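Since the structure comes first, as structure tokens, the remarks are kept for the end.
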2 protein chains.
Amino acid sequence: MATDRSAPLWERLERPAPVPRQTLSPQRIAMAAVAVADAEGLEAITMRRLATELGVAPMAPYRYVSGKDDLLELMVEHVYAGMRLPGGLGWRESLHALAVGTRELMLEHRWLAQLPPQSKLALTPGRMAVAEQSLTALDGLGLDPDTMMGIFRSVDAYVQGAMSYDSAVDAFMSEQSLSSGDELRTELAPLMAWHMRTGHYPTYQHYLSTATRKDDRRWQFDLGLNCLLDGIAVRLNM
Amino acid sequence: MATDRSAPLWERLERPAPVPRQTLSPQRIAMAAVAVADAEGLEAITMRRLATELGVAPMAPYRYVSGKDDLLELMVEHVYAGMRLPGGLGWRESLHALAVGTRELMLEHRWLAQLPPQSKLALTPGRMAVAEQSLTALDGLGLDPDTMMGIFRSVDAYVQGAMSYDSAVDAFMSEQSLSSGDELRTELAPLMAWHMRTGHYPTYQHYLSTATRKDDRRWQFDLGLNCLLDGIAVRLNM
DNA sequence: TTTCCTTTGTGTACGCTGTATCGAGCGGAT
DNA sequence: ATCCGCTCGATACAGCGTACACAAAGGAAA
């Protein structure tokens with residue numbers, strides 16, 4: 001009987017590898033793929049490139065992964081498995097730590113924030129663990145389950161949205177060989193100048209000429225995260 | 001002199017179309033592309049498909065658009081131009097209206113929330129207008145420009161993150177011909193059951209069996225948005 | 001009117017992608 | 001010794017984005 005492709009990926013992976021002697025394995029595949037994506041970005045991930053990296057024929061990985069979507073899911077789990085979960089903290093510290101931890105994971109693996117829509121849904125064990133941790137952090141505070149999940153998803157949405165933006169900027173910069181915020185703004189200057197010349201954006205223009213933290217991403221991330229957590233605290237009557 | 005490809009897209013578009021009699025135009029291209037994407041999703045957008053839709057050879061649109069990235073940017077602007085901006089409201093009502101308006105735009109055009117990273121950065125006039133509107137809503141409240149921009153970007157990050165998730169779920173459902181949340185959960189049941197059988201997610205399991213608003217997306221969206229706005233309000237009163 | 005130049009759209013082609021399919025070889029159970 | 005099932009190799013195909021050279025079409029100048 002061939003591998004049952006209809007079962008969930010995680011169930012398939014759990015069944016003991018029928019024979020332990022093969023040259024390929026899900027782990028080896030995931031590691032190679034993550035290494036390539038870390039070094040050259042998500043668009044470098046190609047079934048052929050992956051096979052080359054593994055020293056194997058183009059179709060070989062398909063024995064372990066039903067297609068590219070499966071591969072991405074495997075990559076997601078591979079990196080999420082390395083995430084540290086906080087324990088024994090209050091709800092706010094927990095959510096904060098989880099958000100910052102996710103951010104750090106995404107800084108380490110820029111492609112995580114650029115996954116195609118399908119892979120964003122990947123319900124991998126690692127992501128389930130993050131969800132569970134968030135929910136338990138909010139448990140026992142008198143919230144109904146819908147609100148608990150809603151709060152978790154809101155924080156997650158913020159993190160994903162913020163990192164998706166940052167990561168897109170990073171990708172653009174490295175693609176254009178820009179290595180600082182100043183170089184980026186120089187590159188974008190003609191476009192911005194054109195917009196500003198229309199006179200439609202006076203407040204934006206004021207920001208451009210007087211802001212001093214344009215490159216402090218961590219400060220920006222924390223600002224929004226803290227606002228969100230403050231608002232959640234309001235809902236918790238604390 | 002051929003069209004100057006190095007100038008920003010918006011500057012190029014503004015120069016009067018050299019001759020108004022041609023069969024193709026940026027507007028016609030944008031409309032056709034948006035129509036296809038609305039009806040069949042972003043992955044149906046292909047330079048060849050677009051050309052077919054316009055009754056034209058595959059390479060013809062390249063006269064008006066330097067590549068697929070440019071096309072997506074054009075599409076983004078085409079739909080953002082139809083967004084209504086609130087006027088004369090307080091900061092909170094403005095930000096709320098902007099967020100809800102963006103959400104509605106993304107519900108009308110599901111592909112908006114699935115754009116590839118590059119296109120997410122597109123500084124189109126329509127998106128600039130949203131930014132300007134947000135900033136002016138926050139102006140005159142004693143905030144420094146960095147904080148104003150940080151707040152705008154936080155709300156935007158939340159909206160993008162939340163809609164990116166919803167939109168991915170929608171895409172998955174229509175791809176699998178699922179038409180209700182119940183059908184979706186039935187489809188996912190084997191995977192969820194496998195996760196739950198591990199016993200690692202008791203709180204999640206409790207949510208699954210007792211939650212009653214799993215399909216109320218608007219409620220979920222508003223929950224997070226209101227938390228975020230509440231948190232911003234805290235920052236404004238100090 | 002004839003000529004010519006610029007713009008607009010056509011045709012063809014290349015290298016790349018994901019992946020279906022078929023066949024070869026090998027290891028372990030019968 | 002035989003067979004079977006799994007692993008991996010080779011080949012192939014349709015589809016993608018887009019580079020490039022050419023044809024038609026319209027206005028300006030002669």
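Predicted model, so just to flag it, every value in this text is computed and none were measured. In what follows, every heavy atom counts, from backbone to side chain, and hydrogens, waters and symmetry copies are set aside.
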### Query
How close or far is atom P of C:dG18 from atom CG of A:Asp70, stated in whole angstroms?
14 Å
### Task
Report the residues that fulfil side-chain hydrogen bond (donor to acceptor under 3.5 Å, both in side chains) with A:Thr46, sequence neighbours left out, ordered by chain and then residue number.
none
### Message
Taking side chain to side chain contact (heavy atoms under 4.5 Å, CB included) as the definition, give me every residue that meets it alongside B:Thr102, ordered by chain and number, with sequence neighbours left out.
### Response
B:Tyr80, B:Met83, B:Met106, B:Val159
### Task
Considering just the side-chain nitrogens and oxygens of A:Thr23, establish if one lies under 4.0 Å of OP1 or OP2 belonging to D:dC8.
yes
For residues 107-114 of chain A, run the donor-acceptor check on the side chains, cut-off 3.5 Å, and write out each pair with its distance to 0.1 Å, sequence neighbours left out.
residue	atom	partner	partner atom	Å
A:His109	ND1	A:Asp38	OD1	2.7
A:His109	ND1	A:Asp38	OD2	3.0
A:Trp111	NE1	A:Asp38	OD1	2.6
A:Gln114	OE1	A:Ser167	OG	2.9

### Task
Describe, as an angle rounded to 10 degrees, how the axis at the first end of the helix from C:dG9-D:dC22 to C:dT30-D:dA1 is tilted relative to the axis at the last end, five pairs per end.
10°
### Task
Could you name each residue pair satisfying ring pair (Phe, Tyr, Trp, His ring centres under 6.0 Å) that touches residues 26-56 of chain B, not counting sequence neighbours?
none
### For B:Tyr204, ring pair (Phe, Tyr, Trp, His ring centres under 6.0 Å) partners two or more places apart
none
#### Entry: Qualifying ring pair (Phe, Tyr, Trp, His ring centres under 6.0 Å) pairs with a residue from residues 25-51 of chain B, counting only residues at least two apart or across chains
none
### Query
Taking CG from B:Leu54 and C1' from C:dT10, how many angstroms apart are they, rounded to a whole number?
15 Å
### Query
side-chain hydrogen bond (donor to acceptor under 3.5 Å, both in side chains) with A:Arg213: which residues, sequence neighbours excluded?
none
### Task
Tell me, please, which residues at least two apart from B:Asp182 pass salt bridge (charged side-chain N to carboxylate O under 4.0 Å, His left out).
B:Arg185
### Query
With a 4.0 Å cut-off on heavy atoms, is B:Ala60 in touch with a base, just the backbone sugar-phosphate, or nothing at all?
base
### Query
What string of B, S and - do you get for nucleotides 15-22 of chain D, 5' to 3', when a contact is any protein heavy atom under 4.0 Å?
-BBBBB--
### Query
Of the residues in residues 109-120 of chain B, which ones touch DNA chain D at a heavy-atom distance under 4.0 Å?
none
### Task
State whether a side-chain donor-acceptor pair under 3.5 Å links A:Ser179 with A:Glu183.
yes
### Task
Check ring pair (Phe, Tyr, Trp, His ring centres under 6.0 Å) between B:Tyr207 and all other residues, then give those that pass, not counting sequence neighbours.
none
